[in-house]
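Here the structure comes first, spelled out in structure tokens, and everything after it is commentary.
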Amino acid sequence: MYFFAIITLLVLIVSAIASQQHQYVLSMYETAQRNRVTTEGAPTGFCSLPEGIEDWDLQTQCNGLPQFLSAFCKDHVQVVGDALVATVDDNVCQDSTHPDCETRQSGGVSIAGQDVFFGNISIVMKPARGDAIVTDFVAYDGANMGIQFNGGNTSKIGISIGNVYGLSADLDFDAADDYHRYDILWGNGTTDIYADGKNIFSFGNVTEVPTKPLGLYLFVYACGASYCGKFDNASLPTHAYIKAIAWTPEGTDAVTCSNPPPPPSYCDNGDYGIAAWLQNEETCNGTLVYKPDHTVMESSSITLKADHNVSVLSYKCRNATQAAGQVMGPSLIHFGNFTVEMISGNGYTNTRVAIEDVADLTAGTIAFEFQSAVNSVTLFANNKKSTIQLDFDPSAEKHTYQVAWSPNSISFIIDKKIVFTAAESIQTKLPVTVTLTPLKGSGTASLISSSYTPTGLTPTPCGEAPKFKLAWEDDFKGTTISEAWTVYDNCTHGNEAELYVPEGVIVDNGVLKLHAFKFAKNQTDQKGNVHQYGSGWVDTASNRSNQALNDCSSNNTHGYSMLYGKWEISAKMPPGHFWTAIWLMPDADICWPRGGEIDILESDIWGQKPPYAPHAAYHWSPSACFHNNGAGNAYNAPKGYNYSKAFHIYSAVVTPRLINYYVDGDLYFTITQAQTGDNLPKQPMYIILGNQLWQGWNYDEDLPADFEIDYVKAYTLETAP
């Protein structure tokens, strides 16, 4: 029944901040406790209220005809009051890319969530009305576990289990009249369906009940299949309303329902933080090029430049005729107060301060726009705009520009005076950009400070650097490694040449040595592969239920992990062709790279021959396992400098807004919440130290060689910028 064109899963953000309006706690009924499955490192359940559900993967696509008459559109989902509203109407979204979308006559909703398994899957909702309008709440991956409503008869609930379809149960109420709670109790070989706590259906076909995790979805669409009845456009628009969705794994306690936490507050100015707005990559947009040298930190502000200086450009930007300066804030922002202090562009330029996602303008736009030589500003709230005449020259001195953003309105404030309010609803968290583009000539603008305070929170003091407290360290005294570390024994990582063995881990005179060597006799790993080389790998993981990294499955209750803070490692890279690595991974049952991967140090084996320079990177995925997004940078070391001659300090500072990477205290790479689409780590991270040899490695003359670590220190974050 469900042949989806795109299957995308998004890890849900689970917050400990309870909603004041809805404290639904959808827990497992006692009848579901039979056949309980409790596993080491069991995943964490969730219960999301409307704003949390909106953070799922809102899909824009088309699925197969004749079943799915509607194109799935992101803009057909919005939070209204205390409910998530999913709409089916005759407005087909314009950015659906599937070829079949051109033929669709209606727009609907597809929302993809995280994997679920045995336990209680619950929803509080009112399904949509209308003949052949389907509201479908289902866990799916080849097999099904779900409930469906046909809007022509919402006193009956459809049920699908495994590959068995056409099951149903009669309700003693009309589901579309009011909110009701529906529970799918998925056991090992059994399934029970509940409505408002009453068992309405039981299923005991052991061979059909799915026995693997399935991705959770919510669909609302017009159906053209014969079993749906006849669809009539006259029933549009129609809406489904959702108040909460939850999953409680078997053997675990229910999670209190909550919306996701708001973005962190901040105040960036010249003393601290504003430098994180700097652009470090050349990008193009038609004849316009955004150049890194057109955003410069000067004294206590960022100067943006705009001109026609396009004499030195990369090949990809060769058609550019105008050069612009653009900076992006590290954070996504949402409801609350956003402020910038700035001097707009002089000369013949255009200055734009925008809260929007340039890759998806359908999510909403809030913006100030200034044209030089005209003492006015144009304000944008989606399609509503207003041009305000100013009684000052905004390019002559600094002024304060503010946005007060609420769920149903947006107010623009200049120098503490409200100048325009628009009754607009923008629900999505968005990044901030400041751009200066040339018109006829050239000019400069200055960004002096920016701050954001979410609704209900107190402002963050300006100019405060993060404060840290030493929480854990190991200086490798003695002759044996401490119990916090797991030493790999007959383990592999991907298709690399080495086999990790205890002989590759040596503690000697206050130094940990990860020793790469050639075996006297080839060794066979757990999968039967033969290895010529041995090396050392240690880590501090305590949760090894996810084995995507390697084939070691031991758990270490003495391990150490940390979410926000500073990791500092004093290390000496080995001479020769070695892929040395210091990296962080989530200490949780989550597949790579959905929880993020922080590479504090990798030998830059891609950019040069030995001696290698340090390289930093971050890897993430918003939804799918093994679907890698990545960004990184090599340290600009002096040519020929050899990092194997002495110890150097490699560090990373991890905050909710950004990750900074350093060599000997010199910042050389930053990745931000805005750049990753809110996919910085959200689980504690453990540390890995490894002396790696890549696939096909054949540099026997470099052996033996040691990756040496003098100490590892972890500082927790006391205050975040």
Side-chain angles (χ1 to χ4, degrees), residues 268 270-283 290-298 302 314 326-331 465-466 468 564-573 578-584 596-620 629-655 657-676 680-681 685 687-689 707 709-710 712-715 717 720-721:
D268 296 335
D271 295 324
Y272 188 85
I274 201 69
W277 291 60
L278 288 173
Q279 180 184 340
N280 55 19
E281 183 179 356
E282 182 180 277
T283 58
Y290 302 112
K291 298 181 67 178
D293 62 3
H294 279 46
T295 56
V296 181
M297 190 73 194
E298 294 184 343
I302 292 178
S314 63
Q326 184 180 70
V327 294
M328 175 184 282
S331 300
F468 303 101
Y564 299 128
K566 177 182 179 181
W567 289 91
E568 181 180 289
I569 303 94
S570 175
K572 182 164 63 172
M573 294 166 62
F578 296 95
W579 188 6
T580 49
I582 302 171
W583 44 314
L584 308 177
E597 174 189 322
I598 301 172
D599 297 328
I600 300 175
L601 166 69
E602 291 182 280
S603 309
D604 187 19
I605 62 174
W606 311 275
Q608 62 185 86
K609 295 180 180 180
Y612 295 129
H615 187 280
Y618 182 68
H619 302 271
W620 74 94
N629 296 286
N633 188 41
Y635 185 63
N636 187 21
K639 187 175 181 179
Y641 188 86
N642 193 337
Y643 282 87
S644 69
K645 296 293 186 181
F647 284 93
H648 295 269
I649 296 175
Y650 304 97
S651 56
V653 172
V654 184
T655 77
R657 302 176 62 211
L658 54 81
I659 304 171
N660 282 334
Y661 298 74
Y662 303 83
V663 173
D664 294 329
D666 185 18
L667 174 65
Y668 75 105
F669 179 61
T670 297
I671 190 77
T672 70
Q673 180 195 37
Q675 286 174 284
T676 63
L680 293 183
M685 309 289 277
I687 190 167
I688 303 169
L689 307 174
F707 178 29
I709 299 93
D710 182 34
V712 177
K713 295 182 180 182
Y715 300 83
L717 183 65

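Sequential numbering from 1 along the given sequence is applied to the chain's residues.
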Gap between atom CD1 of Ile600 and atom CD1 of Ile582 - 0.5 Å precision: 6.5 Å
Heavy-atom check, side chain of Ile569 versus side chain of Ile687, under 4.5 Å: yes
Straight-line distance of Phe647 CZ to Ile709 CD1, nearest 0.5 Å: 8.0 Å
Side-chain touch Asp599/His615, heavy atoms, less than 4.5 angstrom: no
Gln326 CD to Glu281 CD distance, which is reported to the nearest 0.5 Å: 11.5 Å
Over all atoms of both residues, closest heavy-atom pair of Thr676 and Trp620: O-NE1, 3.4 Å
Closest approach of His648 to Tyr641 (non-hydrogen atoms, all atoms of both residues): CE1-OH, 3.0 Å
Side-chain donor/acceptor of Ser570 to backbone N/O of Asp710, under 3.5 Å: no
Worked check of side-chain contact (heavy atoms from CB on, under 4.5 Å) between Phe468 and Leu717: CA-CA 5 Å; Phe468 303 101; Leu717 183 65; 3.6 Å; yes
Minimum heavy-atom distance Leu658-Leu680, with the two atoms named: N-CD1, 3.5 Å
Between Tyr635 and Asp604: side-chain donor-acceptor atoms closer than 3.5 Å: no
Contact check, side chains of Tyr668 and Pro614, non-hydrogen atoms, under 4.5 Å: yes
Ala617 backbone acceptor or donor facing Glu602 side chain under 3.5 Å: no
Working for side-chain contact (heavy atoms from CB on, under 4.5 Å), residues Trp579 and Trp606: CA-CA 10 Å; Trp579 188 6; Trp606 311 275; 3.8 Å; yes
Validation row: Val654, Met685 side chains within 4.5 angstrom (heavy atoms): no
Side-chain heavy atoms of Tyr650 within contact of Val663, under 4.5 Å: yes
Side chain proximity check, Asp268 to Pro330, heavy atoms < 4.5 angstrom: yes
Interatomic spacing from CG in Asn629 to CD in Gln675 - rounded to 0.5 Å: 12.0 Å
Side-chain touch Leu689/Val712, heavy atoms, less than 4.5 angstrom: yes
Euclidean distance, Ile659 CD1 relative to Thr670 OG1, rounded to 0.5 Å: 9.5 Å
Criterion side-chain contact (heavy atoms from CB on, under 4.5 Å) on Val653 and Tyr715, from CA distance to verdict: CA-CA 9 Å; Val653 172; Tyr715 300 83; over 6 Å; no
Over all atoms of both residues, closest heavy-atom pair of Gln673 and Ser331: OE1-CA, 3.2 Å
Whether Ser603 side chain and Thr580 backbone form a donor-acceptor pair below 3.5 Å: yes
Between NZ on residue Lys572 and CG on residue Asn642, distance to nearest 0.5 Å: 10.0 Å
Verdict with reasoning, Ile598 to Tyr661, per side-chain contact (heavy atoms from CB on, under 4.5 Å): CA-CA 10 Å; Ile598 301 172; Tyr661 298 74; 3.5 Å; yes
Non-hydrogen atoms of Phe707 and Ala571 that approach each other most closely: CE1-CB, 3.8 Å
Nearest atoms (heavy-atom pairs only) where Ile274 meets Ile302: O-CD1, 3.1 Å
